[in-house]
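Notes follow the structure.
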Amino acid sequence: MAGVKDDGRPLFLRIAELIENSIVDGSLAADTQVPSTNELAAFHRINPATAAKGINQLVADGILYKRRGIGMFVATDARAQLLERRRRDFARQFLAPMMAEAGKLGIDAEEVKKLIDVWEPQR
């Protein structure tokens, strides 16, 4: 798991996002145990309560589940849930403003699609 960058968001949310990223990229598969709150706290040099808050947020979201006495594990459908949520967020965060700007410039959806087709090979 990559380090926790200070981007102004609460630390527990950044911890949750690190775990989510590991699920999305496949490094934490379904039914895999996630690091404990103490392991996360030691690795990131943060308070264990903060790490626990991030973990608990993922449990509340249905991304992780608890096995009593063993630890926290990735839910079977966690990756699908995260991908769906991130696709919705992507549309809201990037596509909506892009289409609003395109509208201001008189560019319709068909022209935007053409621009994307031209842009794609350049990546």
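Please read all numbers here as calculations on a predicted model, not as lab measurements.
- Checking side-chain atoms of Glu39 against main-chain N and O of Ser36 turns up a donor-acceptor pair under 3.5 Å.
- Residues satisfying the salt bridge (charged side-chain N to carboxylate O under 4.0 Å, His left out) criterion with Arg92, sequence neighbours excluded, are Asp89.
- By the side-chain hydrogen bond (donor to acceptor under 3.5 Å, both in side chains) test, Gln81 pairs with Asp77, sequence neighbours left out.
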Checking Arg86 against Val24 for the side chain to side chain contact (heavy atoms under 4.5 Å, CB included) test, could you report, in this order, the C-alpha distance in whole Å, the side-chain angles of both residues, the deciding distance, and whether it holds?
CA-CA 10 Å; Arg86 287 183 177 197; Val24 168; 3.9 Å; yes
Residue pair Asp31, Val74: steps toward the side chain to side chain contact (heavy atoms under 4.5 Å, CB included) verdict:
CA-CA 5 Å; Asp31 298 312; Val74 177; over 6 Å; no
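- In this structure a side-chain-to-backbone donor-acceptor pair under 3.5 Å is missing from Ser27 to Ile23.
- Of the possible polar contacts, none joining the Arg67 side chain to the Met72 backbone as a donor-acceptor pair under 3.5 Å is found.
- Atoms CG and CZ, on Leu95 and Arg88 in that order, are 14.0 Å from each other to the nearest 0.5 Å.
- Residues Leu83 and Leu28 share a single hydrophobic cluster, defined by chaining ILVMFWY side chains whose heavy atoms lie under 4.5 Å apart.
- When the side chains of ILVMFWY residues are joined at heavy-atom separations under 4.5 Å, either directly or via intervening members, Val34 and Ile70 end up in two distinct hydrophobic clusters.
- Connection of Phe94 to Ile116 is established within a shared hydrophobic cluster, with ILVMFWY side chains joined at heavy-atom distances below 4.5 Å, either directly or through further cluster members.
- Judged purely by atom type and a 3.5 angstrom limit, Thr76 has no side-chain atom pairing as donor or acceptor with the backbone of Ala30.
- In this structure, the separation between CG on Leu18 and CZ on Phe43 is 9.0 Å, given to the nearest 0.5 Å.
- A salt bridge links Glu20 to Arg85: at least one charged side-chain nitrogen sits closer than 4.0 Å to a carboxylate oxygen.
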Between Arg14 and Leu11, is the side chain to side chain contact (heavy atoms under 4.5 Å, CB included) condition met? List the steps.
CA-CA 5 Å; Arg14 291 181 274 153; Leu11 189 51; 3.7 Å; yes
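- Looking only at atom types and distance, the side chain of Glu17 has no donor-acceptor partner in the side chain of Asn21 under 3.5 Å away.
- The CD1 atom of Ile55 sits 8.5 Å away from atom CD1 of Ile15, with the distance rounded to the nearest 0.5 Å.
- The structure places CG of Leu64 at 4.5 Å from CG of Leu58, a figure rounded to the nearest 0.5 Å.
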Decide side chain to side chain contact (heavy atoms under 4.5 Å, CB included) for Ile19 and Leu40; before the verdict, give the C-alpha distance in whole Å, the side-chain angles of both, and the deciding distance to 0.1 Å.
CA-CA 10 Å; Ile19 295 168; Leu40 288 168; 4.0 Å; yes
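- Atom NZ of Lys53 and atom CD1 of Ile46 lie 12.0 Å apart (nearest 0.5 Å).
- Put simply, Tyr65 and Leu82 are part of two different groups of oily side chains (I, L, V, M, F, W, Y) that touch within less than 4.5 Å, one to the next.
- The minimum heavy-atom distance linking Ala75 with Gly62 is given by the pair CB-O, 3.4 Å.
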Determine, stepwise, if the pair Lys114 / Glu110 fulfils salt bridge (Lys or Arg N to Asp or Glu O under 4.0 Å).
CA-CA 6 Å; Lys114 289 177 186 173; Glu110 205 51 48; 5.8 Å; no
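- Between the CG atom of Leu115 and the CD1 atom of Ile107 there is a distance of 6.0 Å, given to the nearest 0.5 Å.
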